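This report refers to the structure that appears directly beneath it.
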Amino acid sequence: MITEKDKKSALLEFIDNYREKDNFESYLIAVLHRVQEVNGYVDEASMDLIAHAMGIPTARIYGVATFYHFFNLKPVGKYIISVCMGTACFVKGANAIADKIKEILNIETGETTKDGLFTLQEARCLGACGQAPVLMINNKIHGRMTPKKTADMIKKIKRNALKQKVQGQR
Amino acid sequence: MYKEYSIIICSGTSCQKGVPGELTEIARQVLLKHGLDQKTKISLSGCLGMCSKGPVMIINPGYTIYGKVDAGNIGKIIENHIVHKKEVTEHVIHEDHLFNRFYSIFGDMDFFGKQMRIALRNCGIIDPDDIDDYLSVRGYEALARVLTDYTPAQVIEQVKLSGLRGRGGAGFPTGIKWELTAREKEPVKYVICNADEGDPGAFMDRSAVEGDPHTIIEGMIIGGYAVGAKNGIVYIRAEYPLAIKRLERAIASARKEGLLGDNILDTQFCFDIEIRLGAGAFVCGEETALIQSIEGFRGMPRPRPPYPSVKGLFGKPTLINNVETWANIPVIILDGAEWFSSIGTEKSKGTKVFALAGSIKNTGLIEVPMGTTLREIIFDVGGGIPEGRKFKAVQTGGPSGGCLVESDLDTRIDYESLAAAGSMMGSGGMIVLDEGACMVNIARYFLEFAQNESCGKCTPCREGTKRMLEILTRITEGNGMDGDIEKLERLGRMIQKASLCGLGQSAPNPVLSTIAKFRSEYEEHVIDRKCRAAVCTRMLTYEINGKCVGCTACVKVCPTRAVSGVKMNVHVIDQSKCIKCGACYEVCKFKAISKQ
């Protein structure tokens, strides 16, 4: 089991990797990437920790974290669904797919379902325009989507999650 | 070691669909079963550009291209082709062979016939993870020549002579940029590769990095030598994990071979490259914002001058070029500036990579000589519009560009003529729209993007795009007011003139260009409250026609009880209650509901 303390020292160790480099402070974004990779989102405690370790005011770190769309500032679900909103996907009906997901999961873009299973995000362009419209579930791209296919996919994930939960209780 | 067969599996994001290694693993199993594993080399290539037919696999010798390969059929195809010596004809892609200078054996053909691959010359042909593959196609030869035979000034002279212009979109002459950076006397300078490909609908840089990372590294080392820099940085989107992985590996293997680091190829020259990740901000494609981002700040542009060539990253002279620009450099050195400048038009030399997407048969990556017409790109290379629909417009330049129509199709692709026709070259996204697209809605889409990505530093862009978006949204929702179109034009021109950076200055372009070319469509939306493409749903009317059998499915789904009727009889929709959600339209199995 990884404790909060372990996480903390791992992050400090990661920051120390950069300490010898020129313009040490400029690696702030790389450090934030690391936090999100480990945590799923950039939490305030980590921002404070980085502030002390790197000598950058938390206010500036918060400013950077909020500026870039890639960073989540709230916890995310187990499954992150990113609907591609690139032009190619948009003209092929990405909106209808996003609407379907919102309807099924009862969340808006950027929100997470109450059971902590799904987070809905919009991606700018996943670069898989040949398969438009596409969506990505946890870094796996699914191409040529329709609202119906999307609904089926979510149903399947829900069913599997339920199965795992039941098995876990046994 | 010599191998009798080679199997190349395209591993671009589109073909892999995120299941890395699955196809390779099955191929390996099949070969093992037939004792062919020692005789066959399996490699992964970058994007071949045939995304619509993907996943794609090539079997050599013979260069047979197989399309729509998947986990279910790859085993059978390999067995038939290699073991039984029989082509699996239904999967063979016939018309496609490669045009390539290094691989003339591939012949000429429809998809590749009008193409000319310079920047993408190795994409799909070599294994991007194997530096030996790159070396076998004269890789790093240009670097060796530069370091031994050329002075930095001579390199710059060559780049200037070639007429190469920045492929990121603005088209600034590359050689002059190099010269300006070289002129500075600072001991510390930086060379940056801008791989923050932000345009929605564009994936040229991703494919180039995934398919041939060494070309970019080689280009950057040459650039570093020319301007006197020791530090290279690739700024790449975090959204492209595969490209990042490939680039990391390529840098590591180049370092191992003594092509990066101290005393490159036993000369006095030292140069190294590090990767910095972007974090999803479109504005960071702008060079001054990109620099802010590498420095660890919010990516906000600053006014120029001073230009980055004088005061750039960490206050030092900095040379920034786009991925595609870098990829052209080794070719210019090897084949000569004169040869390079013989391709293209008077003011735009060489080739340009485009990402074809939207309503077009061959979606994917293409590279054509400058001066090719839009018609040739869309109808010859791209294969035209699918399902017999009619061409309506082509959008180039992404959120900074504009729409071109039927009468513009014979425009030759170069920086000046595209600008004159009311759009721009941009980084290379090309989205084809058919009659099913609503131009007002497309304009709103791009403006929403620009508004979302506005960094908020200068008022015209921050507030102006917001107001424009409000007007456009109201038009698409059927609440347009008299004078709205004129307001959009006036605001748009103001934002163009008063914004600080390129993003703001070009943000109104999609709106202004669609108003210029499709004014009647805007007027229909505002005055007649009608969307001829039936896209703006709030303006539609749903009606039940004679095909209705009275199954009551629509009655059940209607959230406002607007549909009524007796079972087995034709139903009706009460327009005063209808909220135009489209639920009835979706559920009807008899096509009995029409929307207009």
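By convention in this document, chain letters (A, B, ...) are assigned in the order of the sequence lines, proteins followed by strands, and residues within each chain are numbered from 1. Remember, it's a predicted structure, so these values are computed and weren't measured experimentally. For the numbers below, each heavy atom of this structure counts, side chains included, while hydrogens, waters and symmetry mates do not.
- Counting non-hydrogen atoms of other residues, nucleotides and ligands closer than 6.0 Å to NZ of B:K230 gives a total of 12 or fewer.
- Using modelled atom types, one side-chain atom of B:R298 and one backbone atom of A:G63 make a donor-acceptor pair closer than 3.5 Å.
- Residue contact with chain A, scored on non-hydrogen atoms closer than 4.5 Å, involves the side chain of B:C284 exclusively.
- Residue A:D16 places its CG atom among more than 12 non-hydrogen atoms of other residues, nucleotides or ligands, all under 6.0 Å distant.
- Within a 6.0 Å radius of CD in A:E44, other residues, nucleotides and ligands contribute 12 heavy atoms or fewer.
- In A:K155, the NZ atom is not crowded: 12 or fewer heavy atoms of neighbouring residues, nucleotides or ligands sit closer than 6.0 Å.
- For chain A, no part of B:I360 is nearby; none of its heavy atoms comes within less than 4.5 Å.
- Among A:M85, A:E25, A:Q36, the residue making the largest number of heavy-atom pairs under 4.5 Å with chain B is A:M85.
- For chain A, no part of B:E448 is nearby; none of its heavy atoms comes within less than 4.5 Å.
- Crowding of B:R389 atom CZ: a count of heavy atoms from other residues, nucleotides or ligands under 6.0 Å exceeding 12.
- Remark: B:E586 CD to A:K100 NZ distance equals 5.5 Å, nearest 0.5 Å.
- Counting heavy-atom pairs under 4.5 Å between each of B:A357, B:G198, B:G280 and chain A puts B:G280 at the top.
- Between A:R34 atom CZ and B:L277 atom CG the span is 12.5 Å, to the nearest 0.5 Å.
- Put simply, the side chain of A:H33 gets close to the backbone of B:G278: a donor and an acceptor are under 3.5 Å apart.
- No cation-pi contact links B:R237 to A:F70, judged by a cut-off of 6.0 Å to the six-membered ring centre and 45° from its axis.
- By number of non-hydrogen pairs under 4.5 angstrom with chain A, the leading residue of B:Y240, B:F446, B:F203 is B:F203.
- No part of B:A355 comes within reach of chain A, as not one of its non-hydrogen atoms sits under 4.5 angstrom from that chain.
- Between B:G296 and A:L28, the closest heavy-atom pair is O-CD2, 3.6 Å.
- Heavy-atom pairs under 4.5 Å with chain B were tallied for A:A128, A:A88, A:S82, A:C129; the largest tally goes to A:C129.
- With a 4.5 angstrom heavy-atom cutoff, A:V64 touches chain B via backbone and side-chain atoms both.
- Both the backbone and the side chain of B:F297 come within contact range of chain A, with heavy atoms under 4.5 Å apart.
- Only the side chain of B:F449 comes within contact range of chain A, with heavy atoms under 4.5 Å apart.
- Annotation: A:Y62, atom OH; neighbour count of heavy atoms from other residues, nucleotides and ligands within 6.0 Å does not exceed 12.
- Contacts between B:V283 and chain A at a heavy-atom distance below 4.5 Å involve the side chain alone, from C-beta outward.
- Of all the heavy atoms in A:V91 and B:G358, the pair that sits closest is CG2-CA, 4.2 Å.
- Contact annotation for A:L126: only backbone heavy atoms (N, CA, C, O) come within less than 4.5 Å of a heavy atom of chain B.
- Open room surrounds NZ on A:K74; 12 or fewer heavy atoms of other groups in view lie less than 6.0 Å from it.
- At least one donor-acceptor pair closer than 3.5 Å links the side chain of B:Y445 to the backbone N or O of A:T87.
- In this structure, chain A has no heavy atom under 4.5 Å from any part of B:A437.
- Taking a 6.0 Å sphere around CZ of A:F14, one finds it holds more than 12 heavy atoms contributed by other residues, nucleotides or ligands.
- Most heavy-atom pairs under 4.5 Å with chain B: of the set A:A30, A:P147, A:S26, A:C89, this distinction falls to A:S26.
- Atom-to-atom distance recorded for B:S293:OG and A:F67:CZ is 8.0 Å, nearest 0.5 angstrom.
- Looking at A:Y27 and B:R276, their side chains do bring a donor and an acceptor atom within 3.5 Å of each other.
- Using a 4.5 Å cut-off between heavy atoms, B:N441 contacts chain A through both its backbone and its side chain.
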